[in-house]
Undergrad: 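Below is a structure I'd like to ask you about.
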There are 2 protein chains.
Amino acid sequence: MASLGELERAVMDLLWASQEAATANTLRDLLAQDSEAEGGSAGHQGKDLAVTTVLTVLSRLEKKGLVERERGTRPHRYQAVSSREDHTAELMHEVLGSAPDREAVLARFIGSVSESEAATLRKLLGGH
Amino acid sequence: MASLGELERAVMDLLWASQEAATANTLRDLLAQDSEAEGGSAGHQGKDLAVTTVLTVLSRLEKKGLVERERGTRPHRYQAVSSREDHTAELMHEVLGSAPDREAVLARFIGSVSESEAATLRKLLGGH
DNA sequence: AAAGTTTTCTACGAATTGTAGAAGAAGCAG
DNA sequence: CTGCTTCTTCTACAATTCGTAGAAAACTTT
């Protein structure tokens, strides 16, 4: 139960973008805007989703542990459980974790990182 | 079109384990063994798959670009396109790639790597 | 209590995956 | 070459996931 569908991803992007908790309605509106602004002629069309659709997706994301909801307030408010960066880093660990030879994987991985990123990594890893 | 199902993964594991190309029949046998040897009482049961099942899976893996087949020999022979390590590293890049703030993700990622792996990384990243 | 808003339940269609039979193609025994 | 055996391709079906949303239930507000 790892990867997200297209809409699920779109919703997460919104939640990650706005640090704040949002209601399903707000999200629906944001999604409408996004798809409206999305690209020239043949982009994939602008949807105007039903709120129930957004709610379903939010429930699924909650079940997957990516989203948390405040049930106290009346229009429930949803927010991402962890930041996009944390989540992505976690994902990377998941991918790596399933490998028997982690170090070999890391070697390959490092091999194809840009120089500037390599520099960042050196800094992060600190002097020996 | 990213992740693999359970059986697909099992097949890839076999192909990755044995550097050599294998036939569908061989793989079917190996799968049978594996599930046989797999865990005490309530593990998920030992299947004895039909060869067509294995062939279907192999075709799908081929379509996904993970497997290559020699069509010349009569029992076609299948092999992984890239090593497990390469594939995993690629996956990590895919995960990372979709992030707007790559460096932040890398920071988190590095933050939760074991010390020995950190050492390896330092070595790989080389001086200055 | 009526009307409006929000949430939950239920459902359906497309795509993916595990699973395999039926039928077609290719090679081997006579 | 003709039939038997083996291998591959085609087609199919059930379960799960995901996009999508109506119907109904629950809660607010007036």
Side-chain angles (χ1 to χ4, degrees), chain A residues 1-15 21-32 34-35 38 43-79 91 94 98, chain B residues 1-15 21-32 34-35 38 43-79 91 94 98:
Chain A
M1 187 184 275
S3 66
L4 303 184
E6 198 168 344
L7 180 54
E8 291 176 330
R9 161 105 15 216
V11 168
M12 285 312 297
D13 279 345
L14 288 173
L15 291 178
T23 70
N25 260 291
T26 307
L27 291 169
R28 196 208 69 248
D29 293 346
L30 292 174
L31 286 168
D34 279 11
S35 58
E38 179 188 307
H44 64 113
Q45 45 345 80
K47 300 287 172 87
D48 221 52
L49 299 174
V51 188
T52 49
T53 300
V54 179
L55 280 167
T56 301
V57 167
L58 284 167
S59 290
R60 289 174 182 165
L61 288 171
E62 192 188 23
K63 188 182 319 186
K64 291 182 188 183
L66 293 185
V67 155
E68 219 171 35
R69 87 167 88 184
E70 294 169 32
R71 283 194 144 92
T73 66
R74 190 44 180 167
H76 293 180
R77 301 181 81 75
Y78 300 77
Q79 66 191 316
L91 263 194
E94 258 172 54
S98 68
Chain B
M1 186 186 274
S3 66
L4 303 184
E6 198 170 344
L7 179 53
E8 290 177 330
R9 160 97 26 207
V11 168
M12 285 312 297
D13 279 344
L14 288 174
L15 290 178
T23 69
N25 261 290
T26 306
L27 291 169
R28 196 208 71 249
D29 293 345
L30 292 174
L31 286 169
D34 279 12
S35 58
E38 180 190 306
H44 65 111
Q45 44 345 78
K47 299 286 170 88
D48 221 52
L49 299 174
V51 187
T52 49
T53 299
V54 178
L55 280 167
T56 301
V57 167
L58 284 167
S59 291
R60 288 173 183 168
L61 288 170
E62 192 188 21
K63 188 182 317 180
K64 291 183 187 181
L66 293 184
V67 154
E68 219 172 34
R69 87 167 89 183
E70 295 168 32
R71 281 194 145 90
T73 64
R74 193 42 179 166
H76 294 180
R77 302 180 81 74
Y78 300 77
Q79 66 192 316
L91 263 194
E94 258 171 56
S98 68

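Chain letters run A, B, ... following the sequence lines, proteins first and then strands; every chain starts at 1.
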Undergrad: Send over the distance from A:Arg77 CZ to C:dT6 P, rounded to a whole Å.
TA: 11 Å

Undergrad: What distance separates B:Ser59 OG from B:Arg69 CZ, expressed to the nearest 0.5 Å?
TA: 4.5 Å

Undergrad: Stems in DNA chain D: runs of 3 or more consecutive Watson-Crick or G-U pairs, distances under 3.5 Å?
TA: C:1-30 with D:1-30

Undergrad: Grab the two heavy atoms, one from B:Ala21 and one from B:Arg77, that are nearest each other, plus how far apart they are.
TA: O-NH2, 3.4 Å

Undergrad: B:Leu4 CG to D:dT17 C1': how many Å, rounded?
TA: 16 Å

Undergrad: In whole Å, what is the span from the CD atom of A:Glu6 to the P atom of C:dA15?
TA: 12 Å

Undergrad: For C:dT16, does OP1 or OP2 lie under 4.0 Å from any side-chain N or O of B:Lys63?
TA: no

Undergrad: If you measure from CZ on B:Arg28 to CG on B:Leu58, what distance do you get to the nearest 0.5 Å?
TA: 12.5 Å

Undergrad: Quick one: is C:dT8 close enough that its OP1 or OP2 comes under 4.0 Å of any side-chain N or O from A:Arg69?
TA: yes

Undergrad: Look at A:Asn25 and C:dT5 and indicate whether a side-chain polar atom (N or O) is within less than 4.0 Å of OP1 or OP2.
TA: no

Undergrad: Calculate the interatomic distance between B:Leu55 atom CG and D:dT6 atom C1'; express it in whole Å.
TA: 12 Å

Undergrad: Could you state the atom-to-atom distance from CE of B:Met12 to P of C:dT17 in whole Å?
TA: 14 Å

Undergrad: Roughly how far apart are A:Lys64 NZ and A:Glu62 CD, rounded to 0.5 Å?
TA: 13.0 Å

Undergrad: How long is the straight-line distance from CG of A:Asp34 back to CG of A:Asp29, given to the nearest 0.5 Å?
TA: 11.0 Å

Undergrad: What is the distance from CG of A:Leu61 to P of D:dT17, rounded to the nearest Å?
TA: 14 Å

Undergrad: Among A:Thr23, A:Leu27, A:Thr56, A:Asn25, which residue satisfies the side chain to side chain contact (heavy atoms under 4.5 Å, CB included) criterion with A:Val51?
TA: A:Asn25

Undergrad: Can you check each nucleotide of nucleotides 20-30 of chain C against protein heavy atoms at under 4.0 Å and return B for base, S for sugar-phosphate only, - for none, in 5' to 3' order?
TA: BBB---S----

Undergrad: Rounding to a whole Å, what distance do you find between B:Leu27:CG and D:dC7:C1'?
TA: 14 Å

Undergrad: Taking all atoms of both residues into account, what is the closest heavy-atom pair of B:Leu66 and B:Met12, and its distance?
TA: O-CE, 3.7 Å

Undergrad: May I have the distance from B:Glu70 (atom CD) to D:dC7 (atom P), rounded to whole angstrom?
TA: 15 Å

Undergrad: Does A:His76 put a side-chain nitrogen or oxygen below 4.0 Å from OP1 or OP2 of C:dT6?
TA: no

Undergrad: Between atom CG of B:Leu31 and atom OG1 of B:Thr53, what is the distance when rounded to the nearest 0.5 Å?
TA: 10.0 Å

Undergrad: With sugar-phosphate meaning primed atoms plus P, OP1 and OP2, does B:Leu7 contact a base, only sugar-phosphate, or nothing at under 4.0 Å between heavy atoms?
TA: sugar-phosphate

Undergrad: Roughly how far, to the nearest 0.5 Å, is OG1 of A:Thr26 from CG of A:Leu14?
TA: 10.5 Å

